[in-house]
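For reference, the structure discussed in these notes is given below.
Every heavy atom of this structure was used, including side-chain atoms; hydrogens, water molecules and symmetry mates were not. Not measured: the values here are computed from a predicted model.
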Number of protein chains: 2
Amino acid sequence: MEVETGGSLMRSGQAGESAVDAVVQQIRDLIASSRLKVGDSLPTERELCAQFNASRNTVREAMRILKAYGLVDVRPKIGATIIDNRMSRAFELFSFNTMELSRKSFSDVQALRGLLEVGSAEILVDKVNRSDLNELNDINAELAANHDLNEASEIDYAFHVRLVSILDNAAILDVYAVMKPVILRIMQKGKTRRTFMTETFSEHQGVIDALAARDRLAFQYRLRTHLMFGARHFSQEMEATA
Amino acid sequence: MEVETGGSLMRSGQAGESAVDAVVQQIRDLIASSRLKVGDSLPTERELCAQFNASRNTVREAMRILKAYGLVDVRPKIGATIIDNRMSRAFELFSFNTMELSRKSFSDVQALRGLLEVGSAEILVDKVNRSDLNELNDINAELAANHDLNEASEIDYAFHVRLVSILDNAAILDVYAVMKPVILRIMQKGKTRRTFMTETFSEHQGVIDALAARDRLAFQYRLRTHLMFGARHFSQEMEATA
DNA sequence: TAGGTATTTCTTGGTCCAACAAATAGATTG
DNA sequence: CAATCTATTTGTTGGACCAAGAAATACCTA
């Protein structure tokens with residue numbers, strides 16, 4: 001078994017701990033000892049240099065690690081603030097080697113979308129507000145404009161992301177970010193049919209209307225139908241090319 | 001809507017892309033275009049500097065990111081070799097005990113689990129077979145044995161994964177794999193209460209029974225209750241420490 | 001004079017450069 | 001074959017400058 005070398009998450013003071021890893025550990029300790037929470041600020045880079053007797057480049061490399069792990073957000077002039085994007089990072093890491101574009105992946109992703117979008121109807125009709133509806137309308141209006149296949153798919157995707165964003169659930173948004181490539185492929189497949197764009201537009205419109213009326217059943221029916229049509233087109237396409 | 005700033009995994013050439021992010025992307029492109037595989041070596045830092053017209057610090061910060069993501073392993077004199085530790089990195093993300101997972105992360109994940117597990121009731125009672133039930137029973141029986149907190153949480157997690165595995169949906173299983181560290185933490189929190197293990201056992205048993213009887217409503221009710229209890233314990237815990 | 005606006009200053013992260021230290025693969029030498 | 005030497009490569013440091021933006025200041029108008 002390969003021993004974990006160069007690990008920046010190295011536990012307590014290892015022998016061959018590099019200066020950068022030491023600074024990472026010290027910043028972690030600082031966060032813990034100072035009881036820093038999400039939203040709090042870290043000292044400036046130069047202050048950290050002085051505090052840890054490290055050069056600025058070393059501190060910066062340590063910060064890069066913390067940024068990569070989704071623990072801090074660094075902005076010029078603002079400084080480093082503590083965040084917790086670890087879930088997003090985990091999904092991003094995972095997205096590299098998962099979700100290959102097999103037929104089963106497509107149907108699995110569609111099923112997952114169905115569970116999330118249709119299943120959250122109750123919460124959606126409860127939480128949806130005026131600006132949500134406005135933005136959904138805007139996105140859908142954009143869909144009606146002339147776009148090529150890829151642009152239209154992006155807009156279609158944006159519509160569904162905006163829909164689930166009403167839930168205010170970061171985990172679900174992360175899931176959608178991971179599935180994005182697959183979802184786009186599904187949509188592109190479906191859009192090869194000529195009438196697709198107008199169909200999508202009117203189906204989306206029906207979803208929005210049901211949402212505006214806070215009609216859960218209509219919302220579920222229309223959204224489920226919408227998703228199933230996409231799946232059906234896709235199946236036909238796949239069978240034709242298989 | 002908040003735009004993803006400072007993201008080192010930023011997709012194709014954004015406007016405000018930093019030099020480091022650009023190098024990260026270029027190195028990834030290099031790996032892809034050169035068909036480099038695990039075990040192959042990257043050019044030296046200085047060669048990358050020349051190739052990308054970037055300073056050595058910039059290249060090094062880019063390397064730190066790639067290291068943090070488990071994509072390369074850098075050793076003095078050896079240079080950078082391509083590895084694939086992304087999966088283990090994803091899990092290590094949550095080994096930062098210095099900072100507690102944010103409360104919202106917990107509730108988001110619980111809500112997502114609810115949508116998936118409770119929402120798929122109809123499919124579950126339809127697809128479940130004898131061996132599914134047997135294995136769920138076996139896992140739950142294991143839960144009744146004496147285990148420490150971590151072991152019990154692992155078993156609890158395995159139960160729910162086995163449950164959704166009935167759906168035969170790889171995308172959902174991937175989602176559970178990524179969320180595993182968070183789910184485990186949720187369960188560990190809940191298990192601080194003394195009676196938790198027996199409660200979990202009987203609640204699981206009720207879920208299995210409903211599933212065996214193909215009673216969708218009972219299944220949903222019991223599973224929802226089960227998940228909500230976990231959430232409630234967690235909320236109490238969080239409020240106590242807040 | 002008061003209030004708002006334009007300007008200036010100064011802090012801070014982003015990038016680059018040059019140098020040296022430490023480690024070590026590969027060549028050299030005994 | 002083994003010890004040693006050398007050259008290369010990463011690790012670290014200190015310094016410098018830039019651009020962006022926040023804070024302080026000066027200015028202008030009503």
Side-chain angles (χ1 to χ4, degrees), chain A residues 2-10 13-27 30 39-83, chain B residues 2-10 13-27 30 36 39-68 70-83:
Chain A
E2 179 84 11
V3 70
E4 181 64 20
T5 162
S8 308
L9 289 181
M10 209 178 291
Q14 229 76 355
E17 195 175 51
S18 74
V20 173
D21 292 332
V23 171
V24 168
Q25 183 60 45
Q26 284 175 294
I27 294 177
L30 177 67
D40 294 342
S41 295
L42 256 55
T44 68
E45 288 181 356
R46 289 169 173 89
E47 284 172 341
L48 291 173
C49 294
Q51 194 164 344
F52 301 143
N53 284 319
S55 81
R56 194 159 156 240
N57 287 331
T58 300
V59 170
R60 280 188 59 79
E61 290 190 21
M63 289 296 243
R64 281 289 179 192
I65 293 172
L66 294 175
K67 273 172 67 174
Y69 277 86
L71 292 173
V72 301
D73 178 32
V74 182
R75 284 176 300 181
K77 183 61 187 177
I78 302 293
T81 58
I82 298 181
I83 58 177
Chain B
E2 179 84 13
V3 68
E4 179 65 19
T5 165
S8 306
L9 286 182
M10 207 179 292
Q14 227 77 354
E17 197 174 50
S18 75
V20 173
D21 292 332
V23 171
V24 168
Q25 188 57 49
Q26 283 174 296
I27 294 177
L30 176 67
L36 297 181
D40 293 343
S41 293
L42 255 57
T44 68
E45 288 180 358
R46 285 167 174 93
E47 285 171 340
L48 292 173
C49 293
Q51 193 163 345
F52 302 142
N53 283 319
S55 81
R56 200 165 149 235
N57 288 340
T58 300
V59 171
R60 282 187 58 79
E61 289 191 22
M63 285 300 219
R64 282 289 178 191
I65 293 173
L66 295 174
K67 275 171 67 173
L71 293 174
V72 301
D73 178 32
V74 182
R75 283 176 301 181
K77 177 65 185 175
I78 302 293
T81 58
I82 298 179
I83 59 176

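- Chain B approaches DNA chain C within less than 4.0 angstrom (heavy atoms of the protein), and the contacting nucleotides run 5' to 3' from C/dT15 to C/dA25.
- The side chain of B/Arg64 contributes an N or O atom lying less than 4.0 Å from OP1 or OP2 of D/dT12.
- Taking every heavy atom of both residues into account, A/Ile83 and A/Gly70 meet most closely at CG1-O, 3.5 Å.
- No side-chain heavy atom of A/Leu48 sits under 4.5 Å from any side-chain heavy atom of A/Val23.
- Screening residues 51-63 of chain B for salt bridge (charged side-chain N to carboxylate O under 4.0 Å, His left out) gives A/Arg60-B/Glu61, A/Glu61-B/Arg60, A/Arg64-B/Glu61, B/Glu45-B/Arg56, B/Glu45-B/Arg60 as the qualifying pairs, with residues at least two apart or on separate chains.
- Mapping B/Arg56 and B/Glu61 onto DNA chain C by nearest heavy atom places B/Glu61 closer to the 5' end of the strand.
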What protein N or O atoms touch nucleotides 2-8 of chain D N or O atoms at under 3.5 angstrom, if any, and at what distances?
{"unit_1": "D/dT8", "atom_1": "O2", "unit_2": "B/Lys77", "atom_2": "NZ", "d": "2.9"}

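- Toward the 5′ end of DNA chain D lies the nearest nucleotide of A/Asn53, the other residue of the pair A/Ile78 and A/Asn53 mapping further downstream.
- The distance between atom CZ of A/Arg60 and atom P of D/dC17, rounded to the nearest whole Å, is 18 Å.
- Contact detail for A/Ala80 and A/Val74: the closest heavy-atom pair is CB-CG2, 3.9 Å.
- We find that CG of A/Asn57 is positioned 10 Å from P of D/dG14, with the value rounded to whole Å.
- The structure places CD1 of B/Ile82 at 10.0 Å from CD1 of B/Ile27, a figure rounded to the nearest 0.5 Å.
- Smallest separation of non-hydrogen atoms from A/Val72 and A/Met63: CG2-O, 4.3 Å.
- In plain terms, the two heavy atoms of B/Ser41 and B/Thr81 that are nearest each other are OG-CG2, 3.7 Å.
- Between A/Arg46 atom CZ and D/dT13 atom P there is a gap of 16 Å when expressed in whole angstrom units.
- Of all the heavy atoms in B/Val59 and B/Ala54, the pair that sits closest is CG2-CB, 4.2 Å.
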